There are 2 protein chains.
Amino acid sequence: MRKAPAERRNEIVTTAARIGLTEGLECVTLRRVADELGVQSGLVGHYFPAADKLVAEAFTSATMAELDGLLPDPDPDPDSDPAPHPDPAPHPDPGPEGPAGSAATPGVGLRTLRRFFALSSSADFDDISKLWLNARHLSRYRPVLRDHVVEQELLWCRRIERIVAAGVEAGDFRCDDPWATAVRVLVAIDGTSAYINTSAEHRAGPIAHMVRTLAESELGLAPGALEPR
Amino acid sequence: MRKAPAERRNEIVTTAARIGLTEGLECVTLRRVADELGVQSGLVGHYFPAADKLVAEAFTSATMAELDGLLPDPDPDPDSDPAPHPDPAPHPDPGPEGPAGSAATPGVGLRTLRRFFALSSSADFDDISKLWLNARHLSRYRPVLRDHVVEQELLWCRRIERIVAAGVEAGDFRCDDPWATAVRVLVAIDGTSAYINTSAEHRAGPIAHMVRTLAESELGLAPGALEPR
DNA sequence: ACAGCTATTGGTCGCCTGGCCAATTACCTG
DNA sequence: CAGGTAATTGGCCAGGCGACCAATAGCTGT
């Protein structure tokens, strides 16, 4: 029953993240998380004297996990452990190679983006879309959550920016301003997923390839270059 | 004190719409609306036995009013009163005329869209952006609201579609599929306004002209053609 | 002027939330 | 094995919500 504080706290945040991802951040309450863990609500309140902080950390925990699954960092910080990054494309063929880049393997950015666009337009992404919509609205009322959302927005955007920049360096992409491109790609993604709770199905047709087309245009690629292989 | 049912009901919805637009739909409660009107909460409950319906009608009332202000219908239904439509562009010059269209005045679509994009990127649009974000998230939990949101989404999209179609007929635009274009323009608008509660200011630069640029590309216009004059 | 209809009042109820706190109990250390 | 620390319990409180209802007050038609 009795656990080390760090372990218990981590358990609480992970459970809260799962609830927030599947049922919505409004369902992340002290009692709800406590019930899920089979403990008393006072215990959760002990670890999170302000419930807002729990909601905010639940959001961060959920999005951080998704980010690494969707967009593996092409050149992670050396001080963080380099092992647990899954290979974005486990195919044996090295793909079309540009001039040997200094840091990134040529073609890896292309494959990462292909995989990301394929995943982000699949139904598995629905919960993530709902979570972002949820968090962006709730940030109107909860400043602590707002800070976490802003941080995650910057993190996702920088991740795309780095992939684009690495691809430019490897000769896969042509792009003057990777940051601006990353921002615009995310605008397209967030725009298409805005209807996830309402009329998503009515719009599937016209927006199916919108993100991919925009990215191909921004990166100087031929139409279809980012289609899943 | 005592008022005719229709008048009272209208008063309630209007007040609820104002609260929802300025403070959020979560603040549209029986007691909050009643306080605003100086009546007892039971009275509001009498007109809206289910509070969800009040929230849904508040949203519809707020968005309907905004739609007519932002995007006047180029060719309104003849059975609705034709008078109260404000002229989208009160300038005396008729603008660059294509071949005399059958229904719409040439150039009116161009001016309407210019005005719309100018307004939708101004700070006056912030409350509307917040309201849409709010409603799209809340639709996850409130089916009655969801139905109203879907209806308004279709209404806004059809309004743009008609303006585009009228502009194509007048020779102002070139567009094969006005519906798909309307969908994509709205995706861009909703994408750019997704950050209204969070990191809107960090992104202002790269997305400033994104909607306008997309629309010009979709409509076969020269870059800058939809800039405010 | 009176009677009937109904808009409106002024509560109550149950439910859920976050926050708080004293008592208890489990674990670790000396 | 004893003692102390802290994780955990179990319950309380105030406040907000929707829903519900009997009583009242004001308008309207006869």
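All heavy atoms count here, side chains included; hydrogens, waters and symmetry mates do not. The chains referred to below are lettered A, B, ... by the order of the sequence lines, with proteins before strands, and numbering in each begins at 1. On a predicted model such as this, the values are computed, not experimentally measured, just so you know.
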Considering only NZ, NE, NH1 and NH2 on the basic side and carboxylate oxygens on the acidic side, decide whether A:Asp68 and A:Arg159 come within less than 4.0 Å. yes

Check this one for me: any side-chain N or O of A:Tyr47 less than 4.0 Å away from OP1 or OP2 of D:dA7? no

Name the closest nucleotide to the B:Thr29 side chain, picking from D:dG18, C:dT8, C:dG18. D:dG18

Does B:Arg31 make a side-chain donor-acceptor contact with the base of D:dG18, cut-off 3.5 Å? yes

Distance-only donor-acceptor test (3.5 Å): side chain A:Arg2, base D:dA6: yes

Reckon B:Leu30 touches a base, only the sugar-phosphate, or nothing at all at heavy-atom distances under 4.0 Å? sugar-phosphate

Measure from the side chain of B:Ser41, starting at C-beta and using heavy atoms only, and say which of D:dT8, C:dG11, D:dT9 lies closest. C:dG11

Base, sugar-phosphate, or nothing for B:Ala4, non-hydrogen atoms under 4.0 angstrom? nothing

Take atom CG of B:Leu54 and atom P of D:dG18, then tell me their distance rounded to the nearest Å. 9 Å

For B:Phe48, which contact category applies under a 4.0 Å heavy-atom criterion: base, sugar-phosphate, or nothing? nothing

Checking contacts here: which listed nucleotide (D:dA7, C:dT8, C:dG18) is nearest the side-chain heavy atoms of B:His46? C:dT8

Give a yes/no on whether any side-chain N or O of B:Gln40 is located under 4.0 angstrom from OP1 or OP2 of C:dT8. no

Within the structure shown, what part of the strands sits under 4.0 Å from A:Gly45 by heavy-atom distance: base, sugar-phosphate, or nothing? nothing

